[in-house]
Amino acid sequence: NAGVTQTPKFQVLKTGQSMTLQCAQDMNHNSMYWYRQDPGMGLRLIYYSASEGTTDKGEVPNGYNVSRLNKREFSLRLESAAPSQTSVYFCASSEAEGSGANVLTFGAGSRLTVL
Amino acid sequence: QKEVEQDPGPLSVPEGAIVSLNCTYSNSAFQYFMWYRQYSRKGPELLMYTYSSGNKEDGRFTAQVDKSSKYISLFIRDSQPSDSATYLCAMSAANDYKLSFGAGTTVTVRA
């Protein structure tokens, strides 16, 4: 059982370049998320998709776009990369049904450096 | 002011010691309190969670929530070198998709 798979694992971009981070989950989860992790800042939510066909902004959405391609896949796009977007990006998914705890399963992360 | 505050440490303890980690928060709507463990260059994984106030024990790990003080804790008994990781607290209101995370505390258990 692969869980949450992210690609690529590492990427170096020049300022102004674009790229897409891919994420897929095989747990039949309804909700998917993109976080960024920076030293001393913890995990900050960029965008999330509560269910297939919906997306919503999180805490730090500026400079990013997302696509929920189907129930399994949720991509994050940087249209014009900036050095401030250098970070480790995590995709996560959860069942998110009912009123119980929203337990997230995370991918291994994608390390992005923008020069 | 951040919604969730967590001392980043680092914390270094000898093997067998009790590790004590904590977070404070400001949002009184939070009902679910979680602890994630993150090994170096890996994604976070859920350690345990509690609902509302009280204690929860799972093996060597104990989570405590004091909603009146807006303070949560994680205790690791008989710590092992394999417990060396960053521990992140996270919390959410009921029926909320969004979790608020602390910055994480890095723990090293020395053999």
Side-chain angles (χ1 to χ4, degrees), chain A residues 2-7 9-10 21 23 25 27 29-51 54-61 68 74 87-111, chain B residues 1-10 21-27 29-54 56 58 63 65 72 85-106:
Chain A
V4 178
T5 303
Q6 295 182 229
T7 55
K9 288 186 171 26
F10 301 93
L21 299 176
C23 176
Q25 53 92 6
M27 297 170 286
H29 283 170
N30 293 304
S31 302
M32 298 186 73
Y33 311 79
W34 277 106
Y35 284 87
R36 59 178 289 172
Q37 186 174 38
D38 303 290
M41 302 294 289
L43 287 159
R44 292 183 292 169
L45 182 64
I46 304 171
Y47 271 94
Y48 69 102
S49 170
S51 60
T54 68
T55 60
D56 285 287
K57 295 178 181 179
E59 183 184 355
V60 288
R68 182 77 183 265
F74 189 39
S87 188
V88 182
Y89 292 86
F90 287 98
C91 178
S93 69
S94 69
E95 290 186 4
E97 282 189 344
S99 59
N102 188 21
V103 175
L104 270 57
T105 300
F106 285 87
S110 299
R111 292 182 173 272
Chain B
Q1 184 187 2
K2 294 180 184 177
E3 248 185 346
V4 180
E5 297 282 357
Q6 182 177 9
D7 187 340
L21 305 167
N22 57 75
C23 292
T24 59
Y25 64 95
S26 57
N27 188 344
F30 288 152
Q31 294 283 351
Y32 291 96
F33 303 92
M34 304 174 186
W35 287 96
Y36 282 82
R37 178 175 60 195
Q38 185 177 21
Y39 290 116
S40 181
R41 296 185 174 265
K42 302 289 186 184
E45 55 180 352
L46 181 72
L47 204 53
M48 57 195 306
Y49 75 88
T50 54
Y51 173 70
S52 194
S53 283
K56 186 174 184 178
D58 184 359
V65 175
I72 71 170
T86 297
Y87 291 81
L88 301 129
C89 63
M91 44 200 82
S92 73
N95 299 317
D96 193 347
Y97 291 101
K98 301 183 293 294
L99 298 184
S100 293
F101 282 86
T105 301
T106 299

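What's counted below: heavy atoms across the whole structure, side chains too, no hydrogens, waters or symmetry copies. By convention in this document, chain letters (A, B, ...) are assigned in the order of the sequence lines, proteins followed by strands, and residues within each chain are numbered from 1. Given the structure is predicted, the values throughout are model-derived calculations rather than measurements.
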Exercise for the section: Counting only heavy atoms closer than 4.5 Å, note whether B/Pro44 contacts chain A via side chain, backbone, both or neither. Expected result: both

Problem - Segment of B/Gln31 engaging chain A (4.5 angstrom heavy-atom cut-off) - result: neither

Fill in the blank from the handout: If one checks every heavy atom of B/Leu99 against chain A at 4.5 Å, the contacting part turns out to be both

Problem - Residues, nucleotides or ligands: over 12 heavy atoms within 6.0 Å of B/Lys42 NZ - result: no

Completion exercise
Smallest heavy-atom separation, A/Trp34 atom then A/Cys23 atom, equals CZ2-CB, 3.5 Å

Handout entry: Contact origin within A/Leu43 toward chain B - heavy atom pairs under 4.5 Å
Key = both

Practice task
Evaluate the side-chain proximity of A/Phe90 to A/Gln6: yes if any heavy-atom separation is below 4.5 Å, no if none is.
Solution key: yes

Practice task
Decide whether A/Thr105 and A/Ser93 meet the rule of one side-chain donor and one side-chain acceptor closer than 3.5 Å.
Solution key: no

Practice task
Of all the heavy-atom pairs spanning A/Cys91 and A/Val4, show the shortest one and how long it is.
Solution key: O-CG1, 3.9 Å

Handout entry: Heavy-atom contact with chain A under 4.5 Å, split by part of B/Tyr36
Key = side chain

Handout entry: Heavy-atom proximity to chain B below 4.5 Å, by part of A/Arg44
Key = neither

Exercise for the section: Could you go through the side-chain hydrogen bond (donor to acceptor under 3.5 Å, both in side chains) check for A/Ser87 and A/Asp38 one step at a time? Expected result: CA-CA 6 Å; A/Ser87 188; A/Asp38 303 290; 2.8 Å; yes

Practice task
Give, as side chain, backbone, both or neither, the part of A/Gln37 having an atom under 4.5 angstrom from any heavy atom of chain B.
Solution key: side chain

Exercise for the section: Name the option with the most non-hydrogen atom pairs under 4.5 Å to chain B; the candidates are A/Ala92, A/Pro39, A/Gly58, A/Gly40. Expected result: A/Gly40

